[in-house]
Engineer: 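Would you mind keeping the following structure in view while I ask a few things?
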Amino acid sequence: MRKVYLSLESGLYFLSFCLLIGIVFHHLLPPNVANTNKRIVSALILGLWVGFFNFGLLYCSLVAIACLCYFPIKWLSHDHIHIAMVSISMMLCSICNIYYQYITAVEIAFNLTMPTLILIQKISALSLSIHDGEKLKDKRVNNNSTPVNVLNDNQLRYALATRPSLIPYLSYCFNFQTSLVGPFCFYTDYMAFVDGSVYKGMDATLRQRVESERWRAVLRNLTCAAFFLLLEITISPIFPISRIFPESIETFNGVTHIIAYTIICTSCIRFRYYLAFMLSDAVCQTSGLGFKGVDADGVVRWDLVSNVHIGRVELAQSTKEVADFWHIQTTKWLRYTGYERVQGSRNYKVWVTLGLSALWHGFYPGYYVTAVTFTRSLELGRLLHNVLRPNLLGSRPLKIIYDILCLIFCHIVLAYIVVAFWLRHCISYGSIT
């Protein structure tokens, strides 16, 4: 069977090309009500062109999934749409993952899997937004007011009062900014970007300041991307993950050497993710997608769809911090789709949410090892934080030692998780199993 994939270099090339598209898009079609339809159609056409150019006719499978899912999204009642569409989208995701698992190899860096996962996120989140919006509307009609406990703040923000028509729906699914490698964004955020309502109420001076900050954000992300590209080219080849395979494990001098090397090589694996995250964020920002508003301190925020906070990940003292600041948009989707919808204890919600994450990623055993390990590490970190940390706050030296030990322990656990996730298959890792 023919393999359809792009190399990492080709993926970077097309992300860079999307940067140019974003600049032209924002310049020729500035965000305002008059340009709304043009921006919707243009983003869709450009996104489809990028998809078909990269993946050929195989990309038709994603278009078919989106079109098939539109009919139940449009016609199912709000009482059933959220359960039905999350189930249908995850079933389609599972079918695609099984298919890709058998036509691709472990070492492939960039294939149709990521566009499929992003599409599934969008379809499931959209169905939940429709459910929340119509549920809220019904409560208002019946009670002449909005009950406090109908929706939480997150659900209220993304709730939709009306169901989207076909073209805006397809534009949301296949826009050139996010359809290739993400990041995921909610339908309400995308439409606020398209119609320019995200800038509503701003005077000319503030609008000019927002534009200046946009270019600063783009420059920061491109600088970070260039830095991690340099690390990927120069450092990563020195620390290949293949050295921790069973046939090479004898070359290490003890367990400490193995652990240290594993931490370094898994850090190198994160370089390529940081590179992709920074570039995809820059693509969104060049086109105007990503403006979060002005915070209470007057700081202009362009991190609405940012996917990672590198410093917080690398200096994390617990896996909870890693979860909060790594793949941020997917974490938002998992919380919105899984954690907030499940009834039960906090631990049960975490287990269900990480199970959803593993199912969304695919069926390699390593994904499920990752989910179980991550859940256990979260529970252990919470226990240490609640029991041990309060007793050390009175002594600054002890707290510093505690923080350093937590940092080391977190990176040891993170290295094991990354190895399991990256290799995907269950492989005996010699002494580090």
Side-chain angles (χ1 to χ4, degrees), residues 81-94 96-97 113-114 116-132 151-159 182-187 189 273 277 305-309 312-313 316 318-386 410 413-414 416-418 420-422 424:
I81 186 173
H82 57 306
I83 298 174
M85 289 314 303
V86 171
S87 301
I88 291 171
S89 61
M90 292 307 299
M91 179 187 70
L92 292 171
C93 181
S94 298
C96 292
N97 279 329
T113 304
M114 183 53 71
T116 304
L117 299 181
I118 296 296
L119 177 62
I120 296 303
Q121 285 182 326
K122 292 177 178 179
I123 292 172
S124 57
L126 176 59
S127 65
L128 288 167
S129 296
I130 293 170
H131 164 73
D132 291 339
L151 302 174
N152 62 34
D153 292 341
N154 204 35
Q155 294 164 353
L156 280 171
R157 177 183 175 184
Y158 301 120
F184 160 77
C185 69
F186 288 93
Y187 183 82
D189 290 334
Y273 284 94
F277 288 156
V305 294
S306 295
N307 241 338
V308 69
H309 195 308
R312 299 296 293 268
V313 171
S318 69
T319 49
K320 174 65 169 60
E321 286 187 67
V322 175
D324 288 341
F325 299 105
W326 169 266
H327 228 312
I328 296 171
Q329 302 309 314
T330 294
T331 302
K332 284 183 181 178
W333 173 75
L334 288 169
R335 177 177 290 276
Y336 183 75
T337 307
Y339 189 87
E340 293 179 353
R341 310 287 169 171
V342 177
Q343 302 297 321
S345 66
R346 181 167 58 179
N347 284 341
Y348 176 72
K349 289 182 176 183
V350 170
W351 275 101
V352 171
T353 304
L354 288 176
L356 175 65
S357 174
L359 181 64
W360 174 72
H361 278 97
F363 292 97
Y364 288 106
Y367 294 155
Y368 297 88
V369 172
T370 298
V372 173
T373 307
F374 207 90
T375 305
R376 290 302 186 189
S377 65
L378 286 174
E379 294 172 354
L380 178 59
R382 190 178 299 120
L383 179 64
L384 290 175
H385 185 272
N386 293 335
C410 177
V413 173
L414 188 60
Y416 185 85
I417 290 172
V418 171
F421 184 88
W422 184 250
R424 298 178 174 92

Engineer: Does atom NZ of Lys320 have more than 12 heavy-atom neighbours, drawn from other residues, nucleotides or ligands, at distances under 6.0 Å?
Structural biologist: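 Counting other residues, nucleotides and ligands, NZ of Lys320 stays at 12 neighbours or fewer.
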
Engineer: Are any side-chain N or O atoms of Thr373 and backbone N or O atoms of Thr370, one a donor and one an acceptor, separated by less than 3.5 Å?
Structural biologist: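 No; zero donor-acceptor contacts below 3.5 Å.
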
Engineer: Which heavy atom in His131 sits nearest to a heavy atom in Ile81, and how many Å separate them?
Structural biologist: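 Heavy atoms of His131 and Ile81 come nearest at CB-CG2, 3.9 Å.
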
Engineer: What is the minimum heavy-atom distance between Ala316 and Val322, and which atoms define it?
Structural biologist: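 Shortest heavy-atom contact: CB-CG2, 3.6 Å.
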
Engineer: Under the salt bridge (Lys or Arg N to Asp or Glu O under 4.0 Å) rule, collect the residues that match up with Glu340, sequence neighbours excluded.
Structural biologist: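 Glu340: no salt bridge (Lys or Arg N to Asp or Glu O under 4.0 Å) contacts found.
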
Engineer: I'd like to know if the side chain of Ser129 and the backbone of Tyr158 have a donor-acceptor N/O pair within less than 3.5 Å.
Structural biologist: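 Between the backbone of Tyr158 and the side chain of Ser129 there is a qualifying donor-acceptor contact (under 3.5 Å).
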
Engineer: Donor-acceptor check, side chain of Asp189 to backbone of Cys185, threshold 3.5 angstrom: yes or no?
Structural biologist: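 The answer is no, because no donor-acceptor pair under 3.5 Å joins these two groups.
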
Engineer: Is it true that a side-chain atom of Ser345 and a backbone atom of Tyr348 form a donor plus acceptor pair closer than 3.5 Å?
Structural biologist: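 Between the backbone of Tyr348 and the side chain of Ser345 there is a qualifying donor-acceptor contact (under 3.5 Å).
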
Engineer: Counting only heavy atoms not in Arg335, do more than 12 fall under 6.0 Å of its CZ?
Structural biologist: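 Not more than 12 within 6.0 Å, no.
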
Engineer: Check this for me: does any side-chain nitrogen of one of Arg157 and Asp153 sit under 4.0 Å from a carboxylate oxygen of the other?
Structural biologist: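 Between Asp153 and Arg157 there is no salt bridge, as every charged N stays at least 4.0 Å from the carboxylate O atoms.
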
Engineer: For Gln329 and Pro183, which heavy atoms make the closest approach, and how far apart are they?
Structural biologist: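 In this case the closest contact between Gln329 and Pro183 is CG-CB, 3.8 Å.
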
Engineer: Check for a donor-acceptor pair, side chain of Thr353 on one end and backbone N or O of Tyr339 on the other, with a separation under 3.5 Å.
Structural biologist: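 Side chain of Thr353 to backbone of Tyr339: a pair is present.
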
Engineer: Between Ser89 and Ile123, is there a donor-acceptor pair closer than 3.5 Å when you use the side chain of the first and the backbone of the second?
Structural biologist: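 Checked: no pair found.
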
Engineer: Assess, by modelled atom type and distance only, whether the side chains of Asp132 and Tyr336 contain a donor and an acceptor separated by less than 3.5 Å.
Structural biologist: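 Per modelled atom types, Asp132 and Tyr336 side chains form a pair under 3.5 Å.
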
Engineer: Check whether the ring centres of Tyr273 and Trp326 lie less than 6.0 Å apart, and answer yes or no.
Structural biologist: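 Ring centres of Trp326 and Tyr273 closer than 6.0 Å.
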
Engineer: Of all the heavy-atom pairs spanning Ile328 and His309, show the shortest one and how long it is.
Structural biologist: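 What the structure gives for the nearest pair is CD1-N, 4.0 Å.
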
Engineer: I'd like to know if Glu379 and Arg376 make a salt bridge, using a cut-off of under 4.0 Å between side-chain N and carboxylate O.
Structural biologist: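 A salt bridge is present here (some side-chain N lies under 4.0 Å from a carboxylate O).
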
Engineer: Looking at every heavy atom in both Asn307 and Thr330, which two are closest together, and how far apart are they?
Structural biologist: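 It is OD1-N, 4.3 Å.
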
Engineer: Which residues pass the ring-ring contact (aromatic ring centres under 6.0 Å, His included) test with Tyr368, sequence neighbours left out?
Structural biologist: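 If we apply the ring-ring contact (aromatic ring centres under 6.0 Å, His included) test to Tyr368, skipping adjacent residues, there are no hits.
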
Engineer: Will you find, in the side chains of Ser94 and Trp360, an N or O donor that is under 3.5 Å from an N or O acceptor?
Structural biologist: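 No, no side-chain donor-acceptor pair sits under 3.5 Å.
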
